[in-house]
Protein chains: 2
Amino acid sequence: MRVETPEIFDDLQRKLMTAELRPGEKLKPSELQGFYGCSANTVRDVLLRLSKVGLVEFEMQRGFRVRAATSERRHDVTRFRILLEQEGARLSMLNGGVGWESRLTAAHHKLSHIEKQIAGADDLSPYLGLWSDAELEFHETLISSCGSPILRENYGDIYAQFRQQMVGLERDFGSSYFHSIIDEHQAVLDAALARDVEACRTAIYDHLKRNL
Amino acid sequence: MRVETPEIFDDLQRKLMTAELRPGEKLKPSELQGFYGCSANTVRDVLLRLSKVGLVEFEMQRGFRVRAATSERRHDVTRFRILLEQEGARLSMLNGGVGWESRLTAAHHKLSHIEKQIAGADDLSPYLGLWSDAELEFHETLISSCGSPILRENYGDIYAQFRQQMVGLERDFGSSYFHSIIDEHQAVLDAALARDVEACRTAIYDHLKRNL
DNA sequence: AATCGGAAAAATTTTGAAATTTCCTTGTGA
DNA sequence: TCACAAGGAAATTTCAAAATTTTTCCGATT
(Lines give C-alpha, C1' and ligand atoms only; values in the text may rest on other atoms or scores of the structure.)
Protein backbone atom coordinates (compact mmCIF):
# COMPACT_ATOMS: atom_id res chain seq x y z
CA MET A 1 0.00 0.00 0.00
CA ARG A 2 1.48 3.27 -1.18
CA VAL A 3 -0.09 6.54 -0.04
CA GLU A 4 0.82 10.19 -0.22
CA THR A 5 2.03 12.05 2.83
CA PRO A 6 -1.17 14.06 3.49
CA GLU A 7 -3.08 10.79 3.48
CA ILE A 8 -0.66 9.32 5.98
CA PHE A 9 -1.35 12.32 8.17
CA ASP A 10 -5.12 11.94 7.85
CA ASP A 11 -5.01 8.21 8.39
CA LEU A 12 -2.88 8.48 11.50
CA GLN A 13 -5.03 11.29 12.86
CA ARG A 14 -8.15 9.21 12.38
CA LYS A 15 -6.57 6.20 14.05
CA LEU A 16 -5.45 8.40 16.90
CA MET A 17 -8.92 9.88 17.38
CA THR A 18 -10.71 6.55 17.22
CA ALA A 19 -8.28 4.78 19.55
CA GLU A 20 -7.37 2.36 16.81
CA LEU A 21 -3.98 3.45 18.00
CA ARG A 22 -4.38 3.08 21.72
CA PRO A 23 -3.35 5.77 24.21
CA GLY A 24 0.12 5.28 25.60
CA GLU A 25 1.14 3.08 22.69
CA LYS A 26 4.58 3.59 21.25
CA LEU A 27 4.68 4.94 17.71
CA LYS A 28 7.76 3.66 15.94
CA PRO A 29 8.44 5.22 12.55
CA SER A 30 10.31 2.08 11.55
CA GLU A 31 7.18 -0.02 12.11
CA LEU A 32 4.64 2.31 10.52
CA GLN A 33 6.98 2.71 7.58
CA GLY A 34 6.16 -0.78 6.41
CA PHE A 35 2.43 -0.22 6.58
CA TYR A 36 2.50 3.00 4.61
CA GLY A 37 5.23 1.98 2.23
CA CYS A 38 7.35 5.06 2.78
CA SER A 39 10.58 5.78 4.58
CA ALA A 40 10.83 6.06 8.34
CA ASN A 41 11.71 9.73 8.09
CA THR A 42 8.47 10.53 6.31
CA VAL A 43 6.54 8.95 9.16
CA ARG A 44 8.67 10.86 11.61
CA ASP A 45 7.74 14.09 9.85
CA VAL A 46 4.03 13.33 10.06
CA LEU A 47 4.33 12.37 13.71
CA LEU A 48 6.09 15.64 14.47
CA ARG A 49 3.17 17.50 12.92
CA LEU A 50 0.65 15.45 14.85
CA SER A 51 2.42 16.31 18.06
CA LYS A 52 1.61 19.94 17.32
CA VAL A 53 -2.08 19.02 17.41
CA GLY A 54 -1.44 17.30 20.73
CA LEU A 55 -2.57 13.82 19.71
CA VAL A 56 0.97 12.53 19.97
CA GLU A 57 3.59 13.03 22.64
CA PHE A 58 7.13 13.63 21.55
CA GLU A 59 10.21 13.53 23.70
CA MET A 60 13.64 14.12 22.35
CA GLN A 61 15.71 10.95 21.88
CA ARG A 62 12.72 8.97 23.07
CA GLY A 63 10.45 9.05 20.10
CA PHE A 64 6.70 9.24 19.85
CA ARG A 65 3.83 7.87 21.84
CA VAL A 66 0.07 8.10 21.56
CA ARG A 67 -1.02 10.59 24.16
CA ALA A 68 -2.08 8.80 27.32
CA ALA A 69 -5.74 8.74 28.28
CA THR A 70 -6.24 9.37 31.96
CA SER A 71 -9.12 10.82 33.90
CA GLU A 72 -6.87 13.70 34.94
CA ARG A 73 -6.08 14.56 31.38
CA ARG A 74 -9.65 14.15 30.22
CA HIS A 75 -10.64 16.54 32.98
CA ASP A 76 -7.98 19.02 31.94
CA VAL A 77 -8.84 18.81 28.26
CA THR A 78 -12.51 19.27 29.03
CA ARG A 79 -11.93 22.33 31.17
CA PHE A 80 -9.83 23.92 28.49
CA ARG A 81 -12.36 23.08 25.81
CA ILE A 82 -15.12 24.67 27.89
CA LEU A 83 -13.04 27.81 28.33
CA LEU A 84 -12.39 28.17 24.61
CA GLU A 85 -15.87 27.25 23.50
CA GLN A 86 -17.55 29.62 25.93
CA GLU A 87 -15.34 32.49 24.85
CA GLY A 88 -15.65 31.62 21.17
CA ALA A 89 -19.41 31.44 21.42
CA ARG A 90 -19.58 34.70 23.35
CA LEU A 91 -17.61 36.51 20.68
CA SER A 92 -19.59 34.90 17.89
CA MET A 93 -22.84 36.05 19.48
CA LEU A 94 -21.32 39.51 19.59
CA ASN A 95 -19.95 39.59 16.05
CA GLY A 96 -21.95 37.03 14.11
CA GLY A 97 -24.53 38.11 11.55
CA VAL A 98 -27.41 36.29 9.92
CA GLY A 99 -24.91 34.28 7.92
CA TRP A 100 -23.59 32.82 11.13
CA GLU A 101 -27.08 32.11 12.42
CA SER A 102 -28.03 30.29 9.26
CA ARG A 103 -24.82 28.25 9.15
CA LEU A 104 -25.31 27.31 12.78
CA THR A 105 -28.90 26.33 12.21
CA ALA A 106 -27.91 24.23 9.23
CA ALA A 107 -25.13 22.50 11.13
CA HIS A 108 -27.46 21.78 14.01
CA HIS A 109 -30.12 20.43 11.69
CA LYS A 110 -27.71 17.97 10.16
CA LEU A 111 -26.36 16.96 13.56
CA SER A 112 -29.73 16.42 15.22
CA HIS A 113 -30.93 14.43 12.24
CA ILE A 114 -28.09 11.98 12.73
CA GLU A 115 -28.49 11.94 16.49
CA LYS A 116 -32.16 11.04 16.23
CA GLN A 117 -31.29 8.15 13.94
CA ILE A 118 -28.66 6.95 16.35
CA ALA A 119 -30.92 7.25 19.39
CA GLY A 120 -33.25 4.72 17.80
CA ALA A 121 -30.67 2.35 16.39
CA ASP A 122 -29.25 -0.88 17.75
CA ASP A 123 -25.87 -0.82 16.12
CA LEU A 124 -24.20 2.57 16.40
CA SER A 125 -21.03 1.88 14.47
CA PRO A 126 -22.27 2.78 10.96
CA TYR A 127 -23.26 6.26 12.17
CA LEU A 128 -20.29 7.05 14.37
CA GLY A 129 -18.12 8.54 11.65
CA LEU A 130 -20.91 10.73 10.32
CA TRP A 131 -21.90 11.86 13.79
CA SER A 132 -18.31 12.68 14.63
CA ASP A 133 -17.97 14.98 11.63
CA ALA A 134 -21.35 16.63 12.23
CA GLU A 135 -20.64 17.27 15.88
CA LEU A 136 -17.31 18.87 15.09
CA GLU A 137 -18.91 21.05 12.45
CA PHE A 138 -21.64 22.22 14.80
CA HIS A 139 -19.21 23.23 17.51
CA GLU A 140 -16.81 24.84 15.07
CA THR A 141 -19.63 26.79 13.51
CA LEU A 142 -20.70 27.95 16.93
CA ILE A 143 -17.38 29.72 17.44
CA SER A 144 -16.75 30.51 13.77
CA SER A 145 -17.65 34.19 14.03
CA CYS A 146 -15.44 34.89 17.02
CA GLY A 147 -13.00 36.79 14.84
CA SER A 148 -9.99 35.13 16.41
CA PRO A 149 -8.00 32.76 14.20
CA ILE A 150 -5.92 31.74 17.19
CA LEU A 151 -8.94 30.77 19.22
CA ARG A 152 -10.37 28.76 16.36
CA GLU A 153 -7.12 26.95 15.71
CA ASN A 154 -6.61 26.08 19.33
CA TYR A 155 -10.20 24.94 19.60
CA GLY A 156 -9.69 22.57 16.69
CA ASP A 157 -6.69 21.03 18.39
CA ILE A 158 -8.33 20.67 21.79
CA TYR A 159 -11.43 19.18 20.21
CA ALA A 160 -9.30 16.48 18.62
CA GLN A 161 -7.65 15.79 21.96
CA PHE A 162 -11.04 15.69 23.65
CA ARG A 163 -12.29 13.09 21.23
CA GLN A 164 -9.12 11.09 21.73
CA GLN A 165 -9.64 11.04 25.49
CA MET A 166 -13.30 10.07 25.13
CA VAL A 167 -12.78 7.04 22.95
CA GLY A 168 -9.52 6.18 24.67
CA LEU A 169 -11.26 5.84 28.00
CA GLU A 170 -14.02 3.79 26.38
CA ARG A 171 -16.76 5.95 27.72
CA ASP A 172 -20.30 4.84 27.43
CA PHE A 173 -21.56 5.59 23.93
CA GLY A 174 -24.88 3.83 24.40
CA SER A 175 -27.97 5.22 22.71
CA SER A 176 -28.96 6.79 26.04
CA TYR A 177 -25.94 9.02 25.67
CA PHE A 178 -27.16 10.27 22.31
CA HIS A 179 -30.63 10.71 23.70
CA SER A 180 -29.41 13.22 26.23
CA ILE A 181 -27.03 15.15 24.01
CA ILE A 182 -29.84 15.91 21.57
CA ASP A 183 -31.34 18.20 24.17
CA GLU A 184 -27.96 19.63 25.09
CA HIS A 185 -27.15 20.63 21.54
CA GLN A 186 -30.61 22.13 21.22
CA ALA A 187 -30.02 24.20 24.34
CA VAL A 188 -26.73 25.50 22.95
CA LEU A 189 -28.38 26.41 19.66
CA ASP A 190 -31.31 28.17 21.31
CA ALA A 191 -29.09 30.22 23.60
CA ALA A 192 -26.76 31.14 20.74
CA LEU A 193 -29.57 32.30 18.47
CA ALA A 194 -31.09 34.25 21.34
CA ARG A 195 -27.66 35.86 21.87
CA ASP A 196 -27.98 35.02 25.53
CA VAL A 197 -24.36 34.89 26.65
CA GLU A 198 -25.00 33.51 30.12
CA ALA A 199 -27.44 30.85 28.95
CA CYS A 200 -24.98 29.78 26.29
CA ARG A 201 -22.16 29.52 28.81
CA THR A 202 -24.37 27.34 30.95
CA ALA A 203 -25.51 25.21 28.02
CA ILE A 204 -21.93 24.58 26.95
CA TYR A 205 -20.94 23.71 30.49
CA ASP A 206 -23.90 21.38 30.92
CA HIS A 207 -23.06 19.69 27.63
CA LEU A 208 -19.53 18.91 28.71
CA LYS A 209 -19.64 18.62 32.48
CA ARG A 210 -20.06 14.84 32.41
CA ASN A 211 -16.40 14.66 31.41
CA LEU A 212 -15.08 16.67 34.31
CA MET B 1 30.44 26.70 14.55
CA ARG B 2 29.11 23.31 15.60
CA VAL B 3 26.25 23.17 18.06
CA GLU B 4 23.93 20.50 19.40
CA THR B 5 20.33 20.32 18.30
CA PRO B 6 18.76 21.65 21.53
CA GLU B 7 21.02 24.66 21.22
CA ILE B 8 19.92 25.21 17.66
CA PHE B 9 16.35 25.19 18.92
CA ASP B 10 17.12 27.68 21.69
CA ASP B 11 19.12 29.92 19.43
CA LEU B 12 16.44 30.04 16.78
CA GLN B 13 13.75 30.62 19.37
CA ARG B 14 15.69 33.53 20.81
CA LYS B 15 16.27 35.04 17.39
CA LEU B 16 12.60 34.62 16.61
CA MET B 17 11.53 36.30 19.83
CA THR B 18 13.93 39.22 19.48
CA ALA B 19 13.14 39.84 15.81
CA GLU B 20 16.72 39.12 14.89
CA LEU B 21 14.86 36.93 12.44
CA ARG B 22 12.32 39.37 11.12
CA PRO B 23 8.61 38.54 10.82
CA GLY B 24 7.63 37.29 7.39
CA GLU B 25 11.19 36.30 6.58
CA LYS B 26 11.72 33.00 4.80
CA LEU B 27 13.52 30.35 6.79
CA LYS B 28 15.47 28.10 4.50
CA PRO B 29 16.97 25.01 6.10
CA SER B 30 19.64 24.98 3.41
CA GLU B 31 20.81 28.46 4.45
CA LEU B 32 20.66 27.98 8.21
CA GLN B 33 22.46 24.69 7.78
CA GLY B 34 25.69 26.48 7.01
CA PHE B 35 25.46 28.70 10.07
CA TYR B 36 24.82 25.86 12.48
CA GLY B 37 27.10 23.38 10.79
CA CYS B 38 24.55 20.61 10.59
CA SER B 39 22.49 19.08 7.83
CA ALA B 40 19.44 20.76 6.35
CA ASN B 41 17.13 18.10 7.72
CA THR B 42 18.22 18.78 11.25
CA VAL B 43 17.26 22.41 10.81
CA ARG B 44 13.99 21.30 9.28
CA ASP B 45 13.29 19.21 12.36
CA VAL B 46 13.89 22.13 14.67
CA LEU B 47 11.72 24.39 12.52
CA LEU B 48 8.90 21.87 12.64
CA ARG B 49 9.08 21.93 16.42
CA LEU B 50 9.14 25.73 16.50
CA SER B 51 6.01 25.79 14.38
CA LYS B 52 4.28 23.97 17.22
CA VAL B 53 5.08 26.91 19.49
CA GLY B 54 3.63 29.20 16.83
CA LEU B 55 6.75 31.26 16.22
CA VAL B 56 7.13 29.82 12.75
CA GLU B 57 4.60 29.25 9.99
CA PHE B 58 4.80 26.04 8.05
CA GLU B 59 3.02 25.22 4.83
CA MET B 60 3.45 21.94 3.07
CA GLN B 61 5.70 22.07 0.03
CA ARG B 62 6.31 25.75 0.76
CA GLY B 63 8.63 25.59 3.69
CA PHE B 64 8.96 27.81 6.70
CA ARG B 65 8.52 31.48 7.38
CA VAL B 66 8.87 33.64 10.47
CA ARG B 67 5.35 34.38 11.64
CA ALA B 68 4.19 37.71 10.28
CA ALA B 69 3.78 40.65 12.64
CA THR B 70 0.63 42.59 11.95
CA SER B 71 -1.56 44.71 14.18
CA GLU B 72 -4.40 42.23 13.62
CA ARG B 73 -2.32 39.36 14.82
CA ARG B 74 -0.91 41.28 17.75
CA HIS B 75 -4.47 42.07 18.73
CA ASP B 76 -5.48 38.44 18.43
CA VAL B 77 -2.48 37.16 20.35
CA THR B 78 -3.11 39.70 23.09
CA ARG B 79 -6.76 38.78 23.47
CA PHE B 80 -5.89 35.12 23.73
CA ARG B 81 -3.15 35.81 26.23
CA ILE B 82 -5.55 37.82 28.36
CA LEU B 83 -8.07 34.99 28.28
CA LEU B 84 -5.53 32.40 29.39
CA GLU B 85 -3.85 34.57 31.98
CA GLN B 86 -7.10 35.64 33.58
CA GLU B 87 -8.29 32.06 33.83
CA GLY B 88 -4.91 30.80 35.01
CA ALA B 89 -4.71 33.48 37.67
CA ARG B 90 -8.27 32.82 38.80
CA LEU B 91 -7.57 29.13 39.27
CA SER B 92 -4.25 29.82 40.99
CA MET B 93 -5.97 32.14 43.44
CA LEU B 94 -8.42 29.31 44.10
CA ASN B 95 -5.88 26.51 44.44
CA GLY B 96 -2.60 28.18 45.35
CA GLY B 97 -1.15 27.90 48.82
CA VAL B 98 1.45 29.89 50.67
CA GLY B 99 4.10 28.31 48.47
CA TRP B 100 2.51 29.95 45.46
CA GLU B 101 2.25 33.28 47.25
CA SER B 102 5.88 33.24 48.21
CA ARG B 103 7.05 32.23 44.75
CA LEU B 104 4.94 34.97 43.23
CA THR B 105 6.26 37.55 45.65
CA ALA B 106 9.82 36.47 44.92
CA ALA B 107 9.30 36.63 41.17
CA HIS B 108 7.75 40.05 41.47
CA HIS B 109 10.55 41.30 43.66
CA LYS B 110 13.14 40.27 41.09
CA LEU B 111 11.12 41.75 38.26
CA SER B 112 10.44 45.10 39.88
CA HIS B 113 14.08 45.40 40.87
CA ILE B 114 15.09 45.16 37.24
CA GLU B 115 12.31 47.42 36.08
CA LYS B 116 13.35 50.15 38.50
CA GLN B 117 16.88 49.95 37.18
CA ILE B 118 15.64 50.21 33.64
CA ALA B 119 13.31 53.11 34.34
CA GLY B 120 16.32 55.17 35.36
CA ALA B 121 18.74 54.04 32.68
CA ASP B 122 19.69 55.61 29.38
CA ASP B 123 20.64 52.51 27.48
CA LEU B 124 18.12 49.73 27.92
CA SER B 125 19.78 47.03 25.87
CA PRO B 126 21.96 45.48 28.60
CA TYR B 127 18.87 44.87 30.74
CA LEU B 128 16.46 43.68 28.09
CA GLY B 129 17.39 40.00 28.26
CA LEU B 130 17.21 39.93 32.05
CA TRP B 131 13.92 41.79 32.08
CA SER B 132 12.47 39.44 29.50
CA ASP B 133 13.25 36.38 31.59
CA ALA B 134 11.98 37.98 34.79
CA GLU B 135 8.73 39.10 33.19
CA LEU B 136 8.06 35.64 31.83
CA GLU B 137 8.78 34.08 35.19
CA PHE B 138 6.43 36.46 36.98
CA HIS B 139 3.54 35.77 34.66
CA GLU B 140 4.18 32.04 34.61
CA THR B 141 4.32 31.97 38.38
CA LEU B 142 1.03 33.84 38.51
CA ILE B 143 -0.73 30.99 36.73
CA SER B 144 1.49 28.22 38.06
CA SER B 145 -1.02 26.91 40.60
CA CYS B 146 -3.91 26.68 38.18
CA GLY B 147 -3.65 22.91 38.15
CA SER B 148 -3.99 22.69 34.39
CA PRO B 149 -0.93 21.54 32.46
CA ILE B 150 -2.68 22.33 29.20
CA LEU B 151 -3.37 25.89 30.21
CA ARG B 152 0.22 26.39 31.31
CA GLU B 153 1.64 24.94 28.14
CA ASN B 154 -0.59 27.01 25.91
CA TYR B 155 0.21 30.09 27.93
CA GLY B 156 3.91 29.53 27.40
CA ASP B 157 3.40 29.33 23.66
CA ILE B 158 1.16 32.36 23.43
CA TYR B 159 3.55 34.37 25.57
CA ALA B 160 6.35 33.63 23.13
CA GLN B 161 4.15 34.70 20.24
CA PHE B 162 3.18 37.84 22.12
CA ARG B 163 6.79 38.79 22.59
CA GLN B 164 7.47 38.10 18.95
CA GLN B 165 4.70 40.45 17.89
CA MET B 166 5.87 43.16 20.27
CA VAL B 167 9.43 43.33 19.11
CA GLY B 168 8.45 42.61 15.52
CA LEU B 169 6.28 45.67 15.41
CA GLU B 170 9.03 47.73 17.02
CA ARG B 171 6.81 49.06 19.72
CA ASP B 172 8.04 51.80 21.93
CA PHE B 173 10.25 50.36 24.64
CA GLY B 174 11.25 53.73 26.06
CA SER B 175 11.86 54.07 29.76
CA SER B 176 8.41 55.62 30.10
CA TYR B 177 7.03 52.23 29.14
CA PHE B 178 8.84 50.59 32.00
CA HIS B 179 7.76 53.32 34.33
CA SER B 180 4.13 52.48 33.79
CA ILE B 181 4.40 48.72 33.85
CA ILE B 182 5.96 48.81 37.30
CA ASP B 183 2.61 49.91 38.66
CA GLU B 184 0.74 47.44 36.51
CA HIS B 185 2.74 44.48 37.77
CA GLN B 186 2.26 45.72 41.31
CA ALA B 187 -1.49 45.84 40.78
CA VAL B 188 -1.51 42.27 39.51
CA LEU B 189 0.53 41.11 42.48
CA ASP B 190 -1.65 42.90 45.02
CA ALA B 191 -4.88 41.55 43.56
CA ALA B 192 -3.47 38.03 43.37
CA LEU B 193 -2.28 38.01 46.97
CA ALA B 194 -5.64 39.45 48.05
CA ARG B 195 -7.30 36.63 46.11
CA ASP B 196 -9.52 39.24 44.53
CA VAL B 197 -10.55 37.56 41.28
CA GLU B 198 -12.24 40.56 39.71
CA ALA B 199 -9.46 42.97 40.62
CA CYS B 200 -6.93 40.56 39.18
CA ARG B 201 -8.87 40.20 35.95
CA THR B 202 -8.93 43.96 35.65
CA ALA B 203 -5.24 44.33 36.49
CA ILE B 204 -4.29 41.79 33.84
CA TYR B 205 -6.49 43.48 31.30
CA ASP B 206 -5.09 46.90 32.12
CA HIS B 207 -1.56 45.57 31.85
CA LEU B 208 -2.12 44.27 28.34
CA LYS B 209 -4.79 46.50 26.84
CA ARG B 210 -2.28 48.81 25.20
CA ASN B 211 -1.65 46.01 22.70
CA LEU B 212 -5.26 45.60 21.67
C1' DA C 1 17.50 -12.04 46.17
C1' DA C 2 18.79 -7.52 44.73
C1' DT C 3 21.85 -4.30 42.52
C1' DC C 4 25.13 -2.84 39.52
C1' DG C 5 27.82 -2.80 35.23
C1' DG C 6 28.51 -3.72 30.62
C1' DA C 7 27.64 -5.77 26.20
C1' DA C 8 24.21 -6.53 22.69
C1' DA C 9 20.06 -5.11 20.56
C1' DA C 10 16.82 -1.82 19.29
C1' DA C 11 15.34 2.69 18.47
C1' DT C 12 16.19 7.47 17.38
C1' DT C 13 18.62 11.08 15.08
C1' DT C 14 21.54 12.84 11.59
C1' DT C 15 23.39 12.89 7.15
C1' DG C 16 24.04 13.69 2.13
C1' DA C 17 22.11 12.89 -2.00
C1' DA C 18 18.21 11.82 -5.15
C1' DA C 19 13.51 12.83 -6.40
C1' DT C 20 9.94 15.97 -6.56
C1' DT C 21 7.70 20.32 -6.45
C1' DT C 22 7.57 25.20 -6.61
C1' DC C 23 9.28 29.50 -8.20
C1' DC C 24 11.24 32.59 -11.42
C1' DT C 25 12.77 33.90 -15.90
C1' DT C 26 12.30 34.12 -20.59
C1' DG C 27 10.11 33.65 -24.94
C1' DT C 28 5.88 33.08 -27.79
C1' DG C 29 1.53 34.45 -29.50
C1' DA C 30 -2.58 37.07 -29.31
C1' DT D 1 1.24 45.22 -23.84
C1' DC D 2 -0.47 41.36 -21.73
C1' DA D 3 -1.33 36.54 -20.91
C1' DC D 4 0.50 32.25 -20.94
C1' DA D 5 3.62 28.39 -21.61
C1' DA D 6 8.16 26.24 -21.29
C1' DG D 7 12.51 25.82 -19.38
C1' DG D 8 15.75 26.17 -15.87
C1' DA D 9 17.00 27.29 -11.13
C1' DA D 10 16.02 26.93 -6.43
C1' DA D 11 13.77 25.01 -2.65
C1' DT D 12 11.40 21.26 -0.41
C1' DT D 13 10.60 16.49 0.49
C1' DT D 14 11.93 11.80 0.51
C1' DC D 15 15.07 8.23 0.95
C1' DA D 16 18.36 4.67 2.83
C1' DA D 17 22.28 4.24 5.43
C1' DA D 18 25.50 5.75 9.09
C1' DA D 19 26.07 7.60 13.67
C1' DT D 20 24.34 8.20 18.08
C1' DT D 21 21.57 7.28 21.98
C1' DT D 22 18.54 4.58 24.70
C1' DT D 23 16.83 0.25 26.20
C1' DT D 24 17.25 -4.52 27.23
C1' DC D 25 19.38 -8.43 28.77
C1' DC D 26 22.64 -11.12 31.27
C1' DG D 27 26.08 -12.25 34.52
C1' DA D 28 29.03 -10.82 38.34
C1' DT D 29 29.11 -8.90 42.89
C1' DT D 30 27.17 -7.71 47.26
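Because only heavy atoms are used, hydrogens play no part in the values below, and waters and symmetry mates are left out as well, while side chains stay in. Proteins get letters first, then strands, A, B, ... in listed order; numbering begins at 1 in each.
- Checking A:Gln161 against A:Arg73 by side-chain atom types alone, a donor-acceptor pair falls below 3.5 Å.
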Open item on the list: What verdict does the ring pair (Phe, Tyr, Trp, His ring centres under 6.0 Å) test give for A:His185 and A:His139, after you've listed the backbone C-alpha separation in whole Å, the side-chain angles of each residue and the deciding distance to 0.1 Å?
Closed with: CA-CA 9 Å; A:His185 284 140; A:His139 286 285; 5.3 Å; yes

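- Both A:Met60 and A:Asp45 lie close to DNA chain D; mapped to their nearest nucleotides by heavy-atom distance, the more 5′-ward contact belongs to A:Asp45.
- Applying the 4.0 Å criterion to OP1 and OP2 of C:dC23, one finds that B:Lys26 has every side-chain N and O outside that range.
- With C:dT13, D:dC15, C:dA11 as the candidates, the nucleotide lying closest to the side chain of A:Cys38 is D:dC15.
- In this structure, A:Leu48 places its CG atom 14 Å from C1' of D:dT13, rounding to the nearest Å.
- Ranking C:dT15, D:dA11, D:dT14 by closeness to the B:Ser39 side chain, first place goes to C:dT15.
- In this view, A:Ser132 and A:Arg163 satisfy the side-chain hydrogen bond (donor to acceptor under 3.5 Å, both in side chains) rule, not counting sequence neighbours.
- Look at A:Glu25 and A:Arg22 and you find no salt bridge, because none of the NZ, NE, NH1 or NH2 atoms lies under 4.0 Å from a carboxylate O.
- Along DNA chain D, the nucleotide closest to A:Asn41 and the one closest to A:Arg62 are compared, and the more 5′ of them pairs with A:Asn41.
- Close to C:dT14, at under 4.0 Å from its OP1 or OP2, lies a side-chain N or O of B:Thr5.
- Per the geometry, CG belonging to B:Leu32 stands 12 Å off P belonging to D:dA11, to the nearest Å.
- Protein atom OH of B:Tyr36 is 17 Å distant from nucleotide atom C1' of C:dT14, rounded to whole Å.
- Using a 4.0 Å cut-off between charged side-chain N and carboxylate O, B:Glu115 and B:Lys110 make no salt bridge.
- Between A:Asp11 and A:Lys15 there is a salt bridge, since a side-chain N of the basic residue sits under 4.0 Å from a carboxylate O of the acidic one.
- Following rounding to the nearest Å, B:Lys28 (NZ) and C:dT21 (P) show an atom-to-atom distance of 21 Å.
- With the end axes of the helix from C:dA1-D:dT30 to C:dA30-D:dT1 each set by five pairs, the angle from one to the other reads 30° at 10° resolution.
- Salt bridge B:Arg65/B:Glu57: absent, no basic N to carboxylate O contact under 4.0 Å.
- The nearest whole Å value for the distance from the CZ atom in A:Phe58 to the C1' atom in C:dA11 is 13 Å.
- Atom CD in B:Glu59 sits about 10 Å away from atom P in D:dT13, given to the nearest Å.
- An OP1 or OP2 oxygen of D:dT13 is reached within less than 4.0 angstrom by no side-chain nitrogen or oxygen of A:Thr42.
- Between the CG atom of A:Leu27 and the C1' atom of C:dA11 there is a distance of 13 Å, rounded to whole Å.
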